[in-house]
Amino acid sequence: MARLFFSTGIDELRARIIRLVSTGLHVSGALAILRWCAKSMMPAQDQRQRATFPFIKVRRASNLQILTYHRVNDEQDSLFPATPIRVFEEQMVHVAKCYHVCALEEAVEMFEKNDLPPNALAITFDDGYRDNYLHAFPVVRNLSLPMTIFLATDAIGTGRTLWHDRVFSAFRETNAPDLTGFDHSVERVRLDSLSQRILTMEKVLAILRQLDEAERNHRISVLCRCLAVEERRVDHNLMLSWDDVRLMSRDHVSFGSHTASHPILARVSAEETEAQLVRSGEAIRQHLGRQPMTFAYPNGTKADFNNVTKETLKRLGFTCAVTTEFGINEPGADMLELKRGRPWEEHLPTFAFKLSWYRLMSSQAA
Ligand SMILES: [Zn+2]
């Protein structure tokens with residue numbers, strides 16, 4: 001799911017300054033120096049992560065940066081913002097030029113052997129939206145970039161919508177003036193403005209993430225009744241078909257599991273976790289002829305999975321699992337808790353600056 005936020009005045013001023021500085025660095029070519037520093041140097045810190053003198057030391061091994069995307073389209077949907085097609089293309093041209101883009105599976109193998117190339121970066125998508133095929137795939141194919149898409153397999157080729165998409169649809173389509181009768185924490189919250197609607201939707205999503213699947217599905221039906229909209233359980237244009245998946249798999253796109261129905265795994269039993277992983281793995285194997293080795297946790301924060309989840313992944317043969325915890329992966333990282341994210345920036349110089357800056361500031365001892 002996409003990250004939604006609002007800028008305060010100070011945030012907006014800071015963002016403008018960063019945009020101005022990064023444009024200057026980009027235009028002057030100084031960003032290349034920052035990239036070289038990010039590739040070769042790291043902050044010197046002691047065990048307690050405190051800066052020590054000399055403040056910069058030579059990086060002894062490469063690290064791995066993993067970018068996350070969900071949707072690429074020009075629909076300008078404020079409730080589930082996508083990366084615009086032109087922006088995605090600019091970002092991919094930039095990473096193709098300045099980074100060593102690896103398939104995630106290969107990157108993980110090299111990472112474990114401490115044999116990653118400098119500036120290693122992997123591109124990933126979550127959920128399996130059809131626009132990945134329509135808009136992202138042509139861009140990465142033209143640039144010969146590999147990418148990995150994590151599929152919530154119950155929604156692939158079936159038209160079935162994922163639970164969070166049913167919530168987005170409800171808030172997108174409702175004409176109700178407020179939300180009444182769903183939960184006391186959002187009782188009678190007004191839905192007049194877009195910002196009220198987004199904030200309320202975020203609160204509703206947070207409530208729903210705490211529930212098990214049956215209860216969550218029930219509450220989504222209640223939500224739709226409260227918002228006087230029909231629950232959109234089926235949408236044949238939203239998600240990938242297995243034909244799309246097969247076509248992309250022939251052209252540098254790999255597929256990992258994102259469970260079957262996108263539950264929050266920390267909220268389900270060990271048996272249900274295993275059932276989700278097995279069902280998803282079998283669907284991918286049935287359609288692509290190979291078992292997925294990579295996995296992305298639904299929602300992906302530390303609170304959304306636990307040791308049982310990790311042990312089940314290991315037992316079923318997954319070689320890595322990615323989170324949505326932001327950061328760069330340093331040698332020695334837990335392969336079942338790989339960090340992932342990207343600058344949520346549409347302005348290319350700022351995107352480029354932040355990518356390099358995050359890498360420079362990654363700080364665990366190599
Ligand atoms: Zn997801």
Side-chain angles (χ1 to χ4, degrees), residues 1 3 38-39 42 49 59 61-70 95 99-128 145-152 253-259 262 264-266 273 276-277 280-281 284 291-344 354-366:
M1 281 175 272
R3 182 178 298 183
K39 185 177 74 176
M42 63 187 300
Q49 304 282 301
R59 196 180 282 285
S62 291
N63 50 21
L64 174 63
Q65 201 161 11
I66 308 175
L67 303 187
T68 321
Y69 292 89
H70 283 82
V95 298
Y99 290 85
H100 191 120
V101 180
C102 312
L104 182 63
E105 295 82 352
E106 286 167 19
V108 163
E109 262 179 48
M110 291 188 285
F111 195 42
E112 287 191 304
K113 293 180 197 154
N114 227 341
D115 192 25
L116 270 178
N119 282 339
L121 179 143
I123 301 159
T124 66
F125 279 78
D126 280 5
D127 297 341
L145 296 177
M147 70 173 178
T148 299
I149 302 178
F150 293 104
L151 301 173
V253 181
S254 60
F255 292 88
S257 168
H258 195 39
T259 73
H262 208 281
I264 305 300
L265 291 172
T273 296
Q276 285 278 341
L277 299 182
S280 172
I284 293 172
Q291 188 71 21
M293 308 297 281
T294 58
F295 181 79
Y297 299 103
N299 209 46
T301 70
K302 278 217 176 252
D304 299 316
F305 59 92
N306 53 33
N307 285 337
V308 174
T309 324
K310 289 171 67 178
E311 280 157 21
T312 312
L313 284 165
K314 205 185 288 181
R315 185 156 40 79
L316 294 176
F318 286 91
T319 56
C320 77
V322 294
T323 68
T324 53
E325 296 288 336
F326 186 78
I328 311 294
N329 299 289
E330 298 284 347
D334 182 344
M335 303 309 283
L336 294 178
E337 283 195 40
L338 290 175
K339 294 174 184 164
R340 202 168 53 133
R342 67 183 163 98
W344 296 84
K354 286 190 173 178
L355 267 193
S356 300
W357 182 253
Y358 297 150
R359 191 179 281 263
L360 175 65
M361 298 314 291
S362 66
S363 58
Q364 290 174 36

Treating [X] as the side-chain partner and [Y] as the backbone partner, does any N or O pair qualify as donor plus acceptor under 3.5 Å?
{"X": "Thr259", "Y": "Ala152", "value": "no"}
{"X": "His70", "Y": "Asp126", "value": "no"}
{"X": "Asn329", "Y": "Lys339", "value": "yes"}

Mind checking what makes side-chain contact (heavy atoms from CB on, under 4.5 Å) contact with [X], not counting sequence neighbours?
{"X": "Glu109", "result": "Lys113"}
{"X": "Lys302", "result": "Glu325, Glu337"}
{"X": "Thr312", "result": "Thr273, Glu274, Leu277, Val308, Arg315, Leu316"}
{"X": "Ala107", "result": "Leu64, Cys102, Leu116"}

Working to the nearest 0.5 Å, report the span between [atom1] of [X] and [atom2] of [Y].
{"X": "Asn307", "Y": "Lys314", "atom1": "CG", "atom2": "NZ", "value": "9.0 Å"}
{"X": "Glu106", "Y": "Thr148", "atom1": "CD", "atom2": "OG1", "value": "9.5 Å"}
{"X": "Ser254", "Y": "Met147", "atom1": "OG", "atom2": "CE", "value": "9.0 Å"}
{"X": "Arg342", "Y": "Leu355", "atom1": "CZ", "atom2": "CG", "value": "10.0 Å"}
{"X": "Lys354", "Y": "Leu360", "atom1": "NZ", "atom2": "CG", "value": "15.0 Å"}
{"X": "Phe326", "Y": "Thr68", "atom1": "CZ", "atom2": "OG1", "value": "8.5 Å"}

Kindly give the heavy-atom pair with the smallest separation between [X] and [Y], and that separation in Å.
{"X": "Ser62", "Y": "Phe111", "result": "O-CE1, 4.3 Å"}
{"X": "Ala321", "Y": "Leu313", "result": "CB-CD1, 3.9 Å"}
{"X": "Gly317", "Y": "Met293", "result": "O-CE, 3.5 Å"}
{"X": "Cys320", "Y": "Leu104", "result": "SG-CD2, 4.2 Å"}

**OP:** Could you give me the CA-CA distance, side-chain angles and deciding distance for His262 and Asp127, then say whether side chain to side chain contact (heavy atoms under 4.5 Å, CB included) is met?
**Re:** CA-CA 8 Å; His262 208 281; Asp127 297 341; 3.2 Å; yes

Compare all side-chain heavy atoms of [X] with those of [Y] and state whether any distance is below 4.5 angstrom.
{"X": "Thr294", "Y": "Val322", "value": "no"}
{"X": "Tyr99", "Y": "Ser356", "value": "yes"}
{"X": "His258", "Y": "Leu151", "value": "no"}

Once side-chain hydrogen bond (donor to acceptor under 3.5 Å, both in side chains) is applied, do any residues pair with [X], and if so which ones, sequence neighbours excluded?
{"X": "Ser257", "value": "Ser280"}
{"X": "Tyr358", "value": "none"}
{"X": "Gln65", "value": "Arg359"}
{"X": "Thr323", "value": "none"}

**OP:** Please report the C-alpha distance between Val253 and Ile149 in whole Å, then the side-chain angles of each, then the deciding distance to 0.1 Å, and finally whether the side chain to side chain contact (heavy atoms under 4.5 Å, CB included) criterion is met.
**Re:** CA-CA 7 Å; Val253 181; Ile149 302 178; 3.9 Å; yes

**OP:** Step by step, work out the side chain to side chain contact (heavy atoms under 4.5 Å, CB included) result for Asp304 and Leu265.
**Re:** CA-CA 6 Å; Asp304 299 316; Leu265 291 172; over 6 Å; no

Subject >> ring pair (Phe, Tyr, Trp, His ring centres under 6.0 Å) partners of residues 298-324, not counting sequence neighbours, each pair once >> reply: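 Ring pair (Phe, Tyr, Trp, His ring centres under 6.0 Å) check on residues 298-324 returns Phe295-Phe318, Tyr297-Phe305.
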
Please list every donor-acceptor pair under 3.5 Å in which a side-chain atom of residues 118-125 meets a protein atom from a residue at least two apart or in another chain.
residue: Thr124; atom: OG1; partner: Leu67; partner atom: O; Å: 2.6
residue: Thr124; atom: OG1; partner: Arg340; partner atom: NH1; Å: 3.0

**OP:** Take Asp334 and Lys310, measure what side chain to side chain contact (heavy atoms under 4.5 Å, CB included) needs, and give me the verdict at the end.
**Re:** CA-CA 10 Å; Asp334 182 344; Lys310 289 171 67 178; 2.7 Å; yes

